[in-house]
Protein chains: 2
Amino acid sequence: MDSSQDIFKAIADPTRREIIHMVSKQSLNLNSVAEKFDMSRQAVSLHVKILTDCGLIIIKKQGRERYCEAKLDSLREISAWVEQYKKFWESRLDSLENYLLKIKSAPKNAKRKK
Amino acid sequence: MDSSQDIFKAIADPTRREIIHMVSKQSLNLNSVAEKFDMSRQAVSLHVKILTDCGLIIIKKQGRERYCEAKLDSLREISAWVEQYKKFWESRLDSLENYLLKIKSAPKNAKRKK
DNA sequence: TATATTTGCAAGTAAAGACTTGCATATTTA
DNA sequence: TAAATATGCAAGTCTTTACTTGCAAATATA
């Protein structure tokens, strides 16, 4: 019912992430998408619906077919969310690097703290 | 049962994202985390368990308290996933910028295509 | 030692999620 | 027009998720 479906939930499902990946390479009609999965067409169709609901995919009618086209703008929200924590793992990397540099440059028989 | 819990599912829940946000600022014991939410302590505790299962939070015992500490390294997986699609929305931005530049620099009475 | 505090564990519930099967509809092709 | 193709809609099932309440265990404080 919520017109802007939760994008975090949308990408939480591996099937949906795979659908995103497929249609990001080329637009595909529903059956082509469904064929790749070991589940019913309707199940895939439902996943696609969830993706269109949150705007990650748009549907373009072409005769009796519906082509799924990737429109990944709203992934920016995910990006923004995760990037705010980037310093966390970057600083961890930094301190690992510092540590490695330190033990590398330390005198061989330096006392260890107990 | 999966030892490396699905991190995409872990961050799909808004409560868990808020917990991440809280403990990213300072380590908090379980009760302090739970107080902030309008749900039972056990419910929050379960969310914390999901976060520890996928390694986003580590628990440090201190007397009878357990402190939740953010360890957001594995968010890198999310970052990597979303960044692979960055060009999608960046190129869209580009074309918007180009469009804006174009109409800005266009002669005032230029003919519009019909 | 008695009591309060912090937490964990277990059982139960209610709602959402991920499917399935069956049938209807629209469009194309023979 | 009849048959094939692409899709949508609806009902039902099975599983997972997000909680709840109640009780037990460990630690701290009076």
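We name chains A, B, ... by the order of the sequence lines, and we start the count at 1 in each one.
By the side chain to side chain contact (heavy atoms under 4.5 Å, CB included) test, Ile78(A) pairs with Ile7(A), Phe8(A), Ile11(A), Leu75(A), Ile78(B), Val82(B), sequence neighbours left out. With sequence neighbours excluded, the residues satisfying ring pair (Phe, Tyr, Trp, His ring centres under 6.0 Å) with Tyr85(A) are Trp81(A).
The nearest whole Å value for the distance from the CG atom in Asp53(B) to the P atom in dG8(C) is 12 Å. Rounded to a whole Å, the CD atom of Glu65(A) is 10 Å from the C1' atom of dT7(D). Rounding to whole angstrom units, CG of residue Leu30(B) and P of dA25(D) are separated by 20 Å. If you take CG of Leu51(A) and C1' of dA18(C), they are 14 Å apart, rounded to a whole angstrom. Atoms CD1 (Ile59(A)) and P (dT7(D)) sit 9 Å apart, rounded to a whole Å. Between Leu28(B) atom CG and dT6(C) atom C1' the separation is 14 Å, expressed in whole Å. A straight line from NZ of Lys49(B) to C1' of dG8(C) spans 11 Å, rounded to a whole angstrom.
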Throw together a table of side-chain donor-acceptor distances under 3.5 angstrom for residues 55-66 of chain B, partners on residues two or more places apart or in other chains.
{"from": "Lys60(B)", "atom 1": "NZ", "to": "Glu69(B)", "atom 2": "OE1", "distance (Å)": "3.2"}
{"from": "Glu65(B)", "atom 1": "OE2", "to": "Asn29(B)", "atom 2": "ND2", "distance (Å)": "2.5"}

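Contacts classified as salt bridge (Lys or Arg N to Asp or Glu O under 4.0 Å) and involving residues 7-22 of chain A (residues at least two apart or in different chains) are not found.
Annotation for Trp89(B) and Leu72(A): closest pair CD1-O, 3.1 Å, computed over non-hydrogen atoms. Across all their heavy atoms, Ile19(B) and His47(B) have their closest contact at CD1-CB, 3.7 Å.
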**Request:** Going 5' to 3' through nucleotides 25-30 of chain C, assign each nucleotide B (protein heavy atom under 4.0 Å from a base atom), S (under 4.0 Å only from sugar-phosphate atoms) or - (no protein heavy atom that close).
**Result:** --BB--
Could you write out each protein N or O paired with an N or O of nucleotides 18-23 of chain D at a distance under 3.5 Å?
{"from": "dA18(D)", "atom 1": "OP1", "to": "Asp13(B)", "atom 2": "OD2", "distance (Å)": "3.1"}
{"from": "dA18(D)", "atom 1": "OP2", "to": "Arg16(B)", "atom 2": "NH1", "distance (Å)": "3.2"}
{"from": "dC19(D)", "atom 1": "OP2", "to": "His47(B)", "atom 2": "NE2", "distance (Å)": "2.9"}
{"from": "dT20(D)", "atom 1": "OP1", "to": "Ser40(B)", "atom 2": "N", "distance (Å)": "3.4"}
{"from": "dT20(D)", "atom 1": "OP2", "to": "Ser40(B)", "atom 2": "N", "distance (Å)": "2.8"}
{"from": "dT20(D)", "atom 1": "OP2", "to": "Ser40(B)", "atom 2": "OG", "distance (Å)": "2.5"}
{"from": "dG22(D)", "atom 1": "O6", "to": "Gln42(B)", "atom 2": "NE2", "distance (Å)": "2.8"}

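For the pair Lys86(A) and Glu83(A), the salt-bridge criterion is met [side-chain N within less than 4.0 Å of a carboxylate O].
Between the side chain of Ser24(B) and the main chain of His21(B), a donor-acceptor pair closer than 3.5 Å is present.
A distance of 5.0 Å separates CE in Met22(A) from CZ in Phe37(A), rounded to the nearest 0.5 Å.
Within the 4.0 Å cut-off from OP1 or OP2 of dT5(D), not a single side-chain nitrogen or oxygen of Asn31(A) is found.
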